Amino acid sequence: MQFRSTKAHEPLASFKDAVLRCLPQNGGLYVPAEVMDLRQFFLYMNSSTTYPELVATVAPALLQGELNPFSASRVAESAFAFEPELIQLDENFSLLNLCNGPTGVFKDFGIAFLAAVMEELLKNNGPAMVISAVRGETGVSLAHAFNKRKKLTSVMLYPSGPIFGLNPSTFVPRGGDIIPIQIRGTFDDCQRLVMETIQDRPFSERYNITSANTINPGRLLAQVLYYLYAFIKIKQSLQGEMMFSVPCGNFGNLIAGLYAWKFGMPVNGFIAAMNRNSAFDGFIQGGKFTPHSLQSTISPALDISIPSNSERLLSFYEEAPAVMRNMIFPTSIDERSTQLAMEKVWKKYGIIIDPHSAVAFAAAEQLSASRDFSGHVHIVVLCTGHPAKSADTIFNAIGRRVEIPGRLNIFHKETDPLAVIESQLDSLEGAIASCI
Ligand SMILES: *Cc1c(COP(=O)(O)O)cnc(C)c1O
C-alpha cells in the first residue's frame, strides 16, 4: 500500500518509508493513498479465527509485497501475546474489550504492532531511533513493545512531573533500548519537539529517526485489524445493521475504523462518542477544530481540544462530505450519563467498564433509542481502558472496588528519567548523544 500526504503534493511513499520517516517532507500527515478491498479475507474468516491468524493473513494483503506472509506471522506472534475480546451483551450491544494488553489500554495494539513491524522492516537496514511524546501509560506501552527489538532505540519525551512504571534495567546505558527524557514543559511541548526533530533533516538522518506517536501511519493501520476481528466474531449472529461506538480523543481509533470500512468491512456507521469537551460541531461547520478551554472530566483521555488526527479526519470529509455525514454520528455525553452508563452495564450485565468506554456505551444507547434507528442495529462499543486505571471513578459510580491485575501494579512505581532538559532541539541532541 502506498501512502500520501494529507496536505502537500509529493511522491507517494511505500509503507516502509511512511513508517520509518513518519512525516511527509512538505507538511501534512501520511494516509493510505489506495482503497484496498479486503473482503475476500475477512468473509471467509470466522469466530474460530485467532487474532494472530487474522493479523498474519490481513497484514500482507494490506501491505502488498512489503510484508511477506512469513514476516507477517513473525510480527503477529511477537506482537500479540494478548487478544481483543468480543463480548456480546444482548441483541443490541456488544463490547469489544481492547484492554488485555500489557498496559491495559487499547493503544497497546497499535504500539505492539508498530514495534514488531519496524524490527521486521529493518532486517536489511541500519538501526533506527523512535522518538515519541508520552504521558500516562503510553511510555510503559512503548517500553514494553520496543524491549529487545533488534536495531531499535526508543526515546521517550515526558512532560514535567513524575514518571511511572519504567524498569531502569531497560534503559540504554544499562544495556536496554529505551531513553526516557523529561522535558521542562507540557505534553504539547514534547509533541512539538518530536515534530521538530523529524523535520530537522541532519538530526533525523543521523539517527534514522521516526516516531511511535499516532502521526505514524503504522499504528493506525494496526488498529484497522481489531475492527475486522470484531466483525468476524459477530457476523454470524448479525440480524440487521452494525455500528461501532468509539470513545474519541485524538480520533486515531475512529479513523482506523473508517479505514476498515473503506477496505470493505460492511458497517453502517460510527458513533464518535465524546465527553462534554466535544469540539465536533465546530469542526463539521467550519472544517477545523478551534482551540477551546478544557473542563476536566472523569474520562480524561477524551479531554482534547485540537485532536492530533484532525487533518486525517478532514481528508475523509473533503473526499465525500455527504457520505461522512451519514457515516459518523458525533455524540457528546455529560458526566452524569457517563456514571449512569457504568452503573447500568454493571447491574444489567455484571460487567465493569471504565469511564471512557462508558462514554461510548451511553452514546450507543442514546442512538439506539432515537427514532431514526428504530430498525435493528447492533452496536459494538469499544472498551479502550482497563477499569483498574479508573478505580476511584468507578467506585463512585457503582460502589464497588475494582481488582487490580498484577501486571498493572507497576504504574505506582516512580522512576527517574535519564535526563531533564529544556524543550529545545540542541538540548535533545546533547541528551541523546550522552546516552549512546
Ligand atoms: C487514548 C485513549 C482514548 C482516545 O483514543 P483516540 O484514538 O485518541 O481517539 C480513549 N480511551 C482511552 C482509555 C485512551 O487511553
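Here the structure is a predicted model, which means the values were calculated and not measured. Read the numbers this way: they start at 1 and go in the same order the structure lists the ligands and their atoms. Just so you know, residue 1 is the first one in the sequence shown, and it goes up from there.
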message = As a quick check of understanding, evaluate side chain to side chain donor-acceptor pair (under 3.5 Å) for Thr103 and Glu137, giving each step before the final call.
response = CA-CA 6 Å; Thr103 67; Glu137 49 281 302; over 6 Å; no
request  = Could you check if a side-chain atom of His144 sits within less than 4.5 angstrom of a side-chain atom of Ser141, using non-hydrogen atoms only?
outcome  = no
query = Gly252 heavy atoms, cut-off 4.0 Å: which ligand 1 atoms fall inside?
reply = 6 (P), 7 (O), 9 (O)
remark   = In terms of its nearest heavy atom to atom 15 (O) of ligand 1, the top option of Lys107, Met274, Lys389 is Lys107
message = If the cut-off is 4.0 Å to any non-hydrogen atom of Gly385, which atoms of ligand 1 fall inside it?
response = 13 (C)
inquiry  = Can you pull out every salt bridge (charged side-chain N to carboxylate O under 4.0 Å, His left out) where at least one residue sits in residues 343-355? Sequence neighbours excluded, please.
reply    = Glu343-Lys347, Lys344-Glu365
task = With heavy atoms of Cys248 as the reference, note each atom of ligand 1 found under 4.0 Å away.
result = 9 (O)
request  = Would you mind checking which non-hydrogen protein atom is closest to atom 7 (O) of ligand 1, with the distance to 0.1 Å?
outcome  = Asn253 N, 2.9 Å
key: Nitrogen or oxygen of Asp354 less than 3.5 angstrom from that of ligand 1   = no
request  = Flag the pair Trp261 / Phe244 as yes when at least one side-chain heavy-atom distance between them is below 4.5 Å, and no otherwise.
outcome  = no
request  = Indicate yes or no: does an N/O atom of Gly249 lie under 3.5 Å from an N/O atom of ligand 1?
outcome  = yes
ask   = Nearest protein heavy atom to atom 8 (O) of ligand 1, by residue and atom, and its distance?
value = Asn250 N, 2.7 Å
message = Heavy-atom distances under 4.0 Å decide this one: backbone, side chain, both or neither, for Val105 against ligand 1?
response = side chain
task = Kindly indicate whether the side chain of Leu428, heavy atoms from C-beta on, has any atom under 4.5 Å from the side chain of Leu157.
result = yes
request  = Would you please test Asn396 and Thr393 for side chain to side chain donor-acceptor pair (under 3.5 Å) and show each step?
outcome  = CA-CA 5 Å; Asn396 290 336; Thr393 304; 5.8 Å; no
message = What verdict does the side chain to side chain donor-acceptor pair (under 3.5 Å) test give for Asn92 and Ser368, after you've listed the backbone C-alpha separation in whole Å, the side-chain angles of each residue and the deciding distance to 0.1 Å?
response = CA-CA 8 Å; Asn92 298 319; Ser368 171; 5.1 Å; no
key: Atoms of ligand 1, numbered as shown, that sit under 4.0 Å from any heavy atom of Leu302   = 10 (C)
inquiry  = Can you report which non-hydrogen protein atom sits closest to atom 3 (C) of ligand 1, along with the distance?
reply    = Phe106 CE2, 3.5 Å
query = Is the gap between the ring centers of Phe109 and Tyr51 under 6.0 Å?
reply = yes
Leu254 and ligand 1 - part of the residue with a heavy-atom distance under 4.0 Å = neither
ask   = Do Tyr259 and Phe316 make the cut of ring centroids closer than 6.0 angstrom?
value = yes
inquiry  = For atom 12 (C) of ligand 1, what is the closest protein heavy atom, and at what distance to 0.1 Å?
reply    = Thr384 OG1, 3.5 Å
